[in-house]
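The basis for the numbers below is simple: all heavy atoms, side chains too, and nothing from hydrogens, waters or symmetry mates. Below, chain A is the first sequence line, B the second, and so on; all start at residue 1.
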Amino acid sequence: GQQVMQIPQYQHVQEGEDFTTYCNSSTTLSNIQWYKQRPGGHPVFLIQLVKSGEVKKQKRLTFQFGEAKKNSSLHITATQTTDVGTYFCAGQLETSYDKVIFGPGTSLSVIP
Amino acid sequence: DTEVTQTPKHLVMGMTNKKSLKCEQHMGHRAMYWYKQKAKKPPELMFVYSYEKLSINESVPSRFSPECPNSSLLNLHLHALQPEDSALYLCASSQDPGILYEQYFGPGTRLTVT
């Protein structure tokens, strides 16, 4: 079946270090979204990528969508304790417009 | 108002009980979703409503029954649940079905089935 995978599952970084999570799909995606879920919270939308090769930045966060539209990455520069949480990618398949498939998430811990 | 509200926040129910979860949004969104989330797992899609009609049912057991009374409200009726149904139930909405818009999630209802 269609799957969206993420690596790593967990990442522990020292505050100030960079962090990257990778998202891979077994099939081509029409677009991809990224969400952040704080411990005890609910997913909050971060960004959506639509175009092949697209790169978007939000302050210290950089998002990329692969040329083949099968992979994506989220990079955080100089992590802060406020970055703690689980980051999910969520892909929309070209054949199914009503839903997204969430990746398993990457849980980020930041050591002050 | 960019908020999705859910009630109750917590619910404990026995396996013979009937209860309902409620979700409300006033953003004029025409797509609404129910997700189930287990600890340390991603949200798992259960149902999608598009323009108040059920468009996707992800093979959810019949003990979960969704209802969309109007464009702002979404209910999830629960009956004869099993302990493995204990989870965080998230409601979400988005502007329109079809081309993907961002989903706004509610805070969730944490359900415990005893």
Exercise. Flag yes if more than 12 heavy atoms outside A:Phe45 fall under 6.0 Å of its CZ atom; otherwise flag no.
Key: yes
Quiz item: Could you state the interatomic distance from CD (B:Glu102) to CD (A:Gln48), rounded to the nearest 0.5 Å?
Solution: 8.5 Å
Quiz item: Does NZ in A:Lys56 sit with more than 12 non-hydrogen atoms of other residues, nucleotides or ligands closer than 6.0 Å?
Solution: yes
Quiz item: Do A:His42 and B:Tyr35 have side-chain heavy atoms sitting under 4.5 Å apart?
Solution: no
Self-check item: Side chain, backbone, both or neither of A:Gln37 within contact of chain B (heavy atoms, under 4.5 Å)
Solution: side chain
Quiz item: How about A:Arg60: does its CZ atom have over 12 heavy atoms from other parts shown lying under 6.0 Å from it?
Solution: yes
Quiz item: Relative to chain B, which of A:Gly40, A:Gly103, A:Gly41 shows the most heavy atom pairs under 4.5 Å?
Solution: A:Gly103
Quiz item: How about B:Glu67: does its CD atom have over 12 heavy atoms from other parts shown lying under 6.0 Å from it?
Solution: yes
Quiz item: Are A:Val44 and B:Leu90 linked, directly or through other ILVMFWY residues, by side chains that come within less than 4.5 angstrom of each other?
Solution: no
Self-check item: ILVMFWY network linking A:Val55 to A:Leu29, side-chain heavy atoms under 4.5 angstrom
Solution: no
Quiz prompt | Heavy-atom contact with chain A under 4.5 Å, split by part of B:Gln37 | solution = side chain
Exercise. Among B:Pro107, B:Ala92, B:Pro43, single out the residue with the greatest number of heavy-atom pairs under 4.5 Å to chain A.
Key: B:Pro43
Exercise. Among the options B:Glu58, B:Lys41, B:Arg110, pick out the one with the most heavy-atom pairs lying under 4.5 Å from chain A.
Key: B:Glu58
Exercise. Check whether any side-chain heavy atom of B:Gln103 lies under 4.5 Å from a side-chain heavy atom of A:Val100, and answer yes or no.
Key: yes
